[in-house]
Amino acid sequence: MTEGAGLRDGDLPDDLPNDLTAAELGMWQAFRNGSVYDLSSGDTVVDDPHGGHPWGDERTVRARIVCWLLLDGPPALAGRVSALKLVGVRISGTMDLAGGTVDPYVEMRRCRFDREILLPEARFTTLRLVDCAVPRLEAARVNTEGDLHLPRCRFHNGVRLTDAHIGTDLLLNQAIVYRDRSGRSIGADGISVGQDLQAEMLESHGELSLRGASIGVSLSLRGARLVNPYTRLALNAPQLTVGRTLYLTPAGVGSPLLSGRTPARGTRIQRFECQGGVRLDDGRFGDAVDLERARFTFTDEQELSLRRIQTPELRFLGERAERGGVVLSGARVVNLMDRADAWPGPGRLHMGGFQYENLVPRGPFPLERRLEWVTAATAEYNPEPYERLATVLRAGGEDEDAREVLLAKQRRRRETLPPAAKLVGYAQDWMVAYGYRPGRAAVWMAVLWAASSVAFTYADPPPLKGGEHPAWNPTLFALDLLLPVIDLGQVGFWQLSGAWQWLAAAMILLGWILATTVAAGATRMLRRS
């Protein structure tokens, strides 16, 4: 039952405005009592602020009287604290509190506003609008010492919170916001929130803009649905700073919001969904960016842009988008938690300058898939992604996998070389895998040495100078040809001709290829050690 109704003549103060309606008189007295003023009918259909059922004069108060109470209202009754607590009330006219200072506590539930709410540069202790129908909220540079709560409200022409300062929490849970004339649903560029910004299961039709916003603790968009078919971006938040974690993750439907907890058995899960581009460039996140089970729907021109973000952990665990791209250029991450099927295909992933220190795969992620991941990010040959992956694998004790990655880098580089260098590259790969498999070199050296030693037993070449030569030794002669630097005193004393001369030339060439490749491999091993 509404407190403050049924006023007696003795209860009315002397300075009471003369033109108040019965509904406004009740509101006035409830304000002095600090009690709830409820004009609901008790019929849930009629009382739905978002429905089409008309609310008559018996439920209507003028916005001018509401502003009068909040800015210059009567003193509280003895032993009470004045507060405006409205339920099921229709507010006619524009509620204009621009530049004002509102000291009383304000809470409006299931109310219906005929026109927009104007709060630019206003100051509040705490403001709560819960499940209200509001044409538009204009609150640029609004300042609250405590919370600003807007859960389950519907805003038909957008919300503007540019450069607002919220002392503790900003709540937009289950709100539905449609775009304004500029195409934005929520314009909150430069907003500062002392603790959490919770927009769980928010429904945004237009661009959600948080450019340069600062969130003290966490930014939660669990279960939110961002839709913007009108312009390129559905979430535009470059230079966003979040003290702890950005959640683009599921929420539980039909139970209390997850807020990080595991839902009860049987709870229906609503994913975070975004139809439109996402821009988080240059963001700073104290704990993590969590994309678990997120679903993105892009056009070919749209992308999930994470350029130059910095965060201790990136949980790239969403669904793979069928179109559009993912950009991590210049990003810096300590732990990269991902799944093999979460990344886009070739040409749609860009990782130039992407730095990460640890890989934490969720589920199977074999090396061949990891190499495909790097290849997808390098439409043109770029050694950096391969070297970064090899460094991370080696730091994790996966030396063999690191060598495979560097071998893949050499093979990718080979495709950019001119034909002659490409042929040499194929020979190096075939024989010694560019030095990353040094055991092959020893095998090839042994095979060539043995085969050529047998062949040269049939050569019997004449000496270049009579009486000034060692005894003919085909085994030492073959080894002298294979070793390009060491002189064993055989090659310079015998005159070869015909096929033997060609065989010797081939041995020298193969010896140089093997030796330089092994030397390069040894150098890499010494650098790693």
Side-chain angles (χ1 to χ4, degrees), residues 172-179 185-186 197-210 218-237 240 242 245-255 257-263 267-281 283 285 288-306 309 311 313-328 331 336-345 347-350 361-363 365 369 373 376:
L172 287 159
N173 296 339
Q174 297 177 308
I176 300 176
V177 190
Y178 296 92
R179 65 185 181 126
S185 58
I186 301 176
L197 195 167
Q198 294 188 18
E200 300 183 354
M201 298 173 67
L202 167 73
E203 190 173 315
S204 167
H205 299 267
E207 180 183 301
L208 170 55
S209 184
L210 292 167
S218 295
L219 170 55
S220 177
L221 286 163
R222 292 184 177 96
R225 186 169 181 261
L226 311 183
V227 181
N228 187 16
Y230 314 103
T231 56
R232 185 173 182 179
L233 295 172
L235 175 58
N236 186 17
L240 172 66
V242 178
T245 301
L246 168 63
Y247 294 100
L248 305 182
T249 56
V253 180
S255 67
L257 296 178
L258 287 180
S259 298
R261 297 187 295 271
T262 302
T267 301
R268 184 167 68 88
I269 298 301
Q270 179 170 308
R271 300 172 185 241
F272 170 83
E273 295 188 18
C274 182
Q275 298 180 28
V278 176
R279 185 184 178 204
L280 296 172
D281 300 349
F285 307 91
V289 175
D290 194 344
L291 306 177
E292 184 161 5
R293 300 181 66 181
R295 180 179 294 160
F296 298 96
T297 303
F298 298 142
T299 64
D300 291 333
E301 294 75 27
Q302 293 172 339
E303 62 189 18
L304 170 60
S305 180
L306 303 171
I309 69 164
T311 179
E313 185 164 283
L314 172 60
R315 302 168 192 159
F316 200 89
L317 302 168
E319 288 188 3
R320 176 187 297 172
E322 296 297 326
R323 302 167 64 186
V326 174
V327 184
L328 283 160
L336 175 59
M337 183 182 294
D338 62 351
R339 287 201 323 268
D341 60 356
W343 296 101
R348 297 195 294 120
L349 175 61
H350 306 278
R362 180 82 65 85
F365 208 143
R369 295 291 301 275
W373 173 66

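- Atom CG of Leu314 and atom CZ of Phe285 lie 9.5 Å apart (nearest 0.5 Å).
- Considering CD of Gln174 and CD of Glu203, their distance stands at 11.0 Å, rounded to 0.5 Å.
- Counting heavy atoms from C-beta outward, Arg315 and Glu292 have side chains that stay 4.5 Å or more apart.
- Side-chain contact between Leu226 and Val278: absent, with no pair of heavy atoms (C-beta onward) separated by less than 4.5 Å.
- Summarising the geometry, atom CD1 belonging to Ile186 is positioned 13.0 Å from atom CG belonging to Asn236; distances are rounded to the nearest 0.5 Å.
- Here the CZ-CG distance, from Phe365 to Asp341, works out to 9.0 Å after rounding to the nearest 0.5 Å.
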May I have the step-by-step check of side-chain contact (heavy atoms from CB on, under 4.5 Å) for Trp373 and Leu349, ending in yes or no? CA-CA 8 Å; Trp373 173 66; Leu349 175 61; 3.6 Å; yes

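- In terms of heavy-atom proximity, Ala321 sits nearest to Phe296 at CB-O, 3.6 Å.
- Rounded to the nearest 0.5 angstrom, Leu210 CG and Leu221 CG are separated by 8.0 Å.
- Rounding to the nearest 0.5 Å places CG of Leu328 at 6.5 Å from CD1 of Ile309.
- Under the side-chain contact (heavy atoms from CB on, under 4.5 Å) rule, Val327 has a single partner from Arg279, His350, Arg348, which is His350.
- A distance-only check finds no donor-acceptor pair linking the side chain of Arg222 to the backbone of Glu200 [under 3.5 Å].
- Looking at Glu207 and Arg179, their side chains never come closer than 4.5 Å, going by heavy atoms from C-beta outward.
- Remark: side-chain polar atoms of Arg320 are paired, donor with acceptor, to backbone N or O of Trp343 under 3.5 angstrom.
- In this structure, Ala199 and Ala224 approach most closely via the heavy-atom pair O-CB, 3.8 Å.
- Shortest non-hydrogen contact noted between Arg339 and Arg362 is CG-O, 3.1 Å.
- Nearest heavy-atom pair across Val177 and Ser185 is CG1-O, 3.1 Å.
- In terms of heavy-atom proximity, Gln302 sits nearest to Thr231 at NE2-O, 3.8 Å.
- A donor-acceptor contact shorter than 3.5 Å is absent between the side chain of Arg295 and the backbone of Gln275.
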Are Asp290 and Thr249 close enough, and set up right, to give a side-chain hydrogen bond (donor to acceptor under 3.5 Å, both in side chains), and what steps lead you there? CA-CA 7 Å; Asp290 194 344; Thr249 56; 5.2 Å; no

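- The closest donor-acceptor contact from the side chain of Arg232 to the backbone of Gly277 lies at 3.5 Å or more, if one exists at all.
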Steps toward side-chain contact (heavy atoms from CB on, under 4.5 Å) verdict (Leu240, Val242): CA-CA 7 Å; Leu240 172 66; Val242 178; 3.8 Å; yes

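- A donor-acceptor pair under 3.5 Å is absent between the side-chain atoms of Asp338 and the main chain of Phe316, judged by distance alone.
- In plain terms, the two heavy atoms of Leu248 and Ala294 that are nearest each other are O-CB, 3.5 Å.
- The shortest distance between side-chain heavy atoms of Leu246 and Thr311 does not fall below 4.5 Å.
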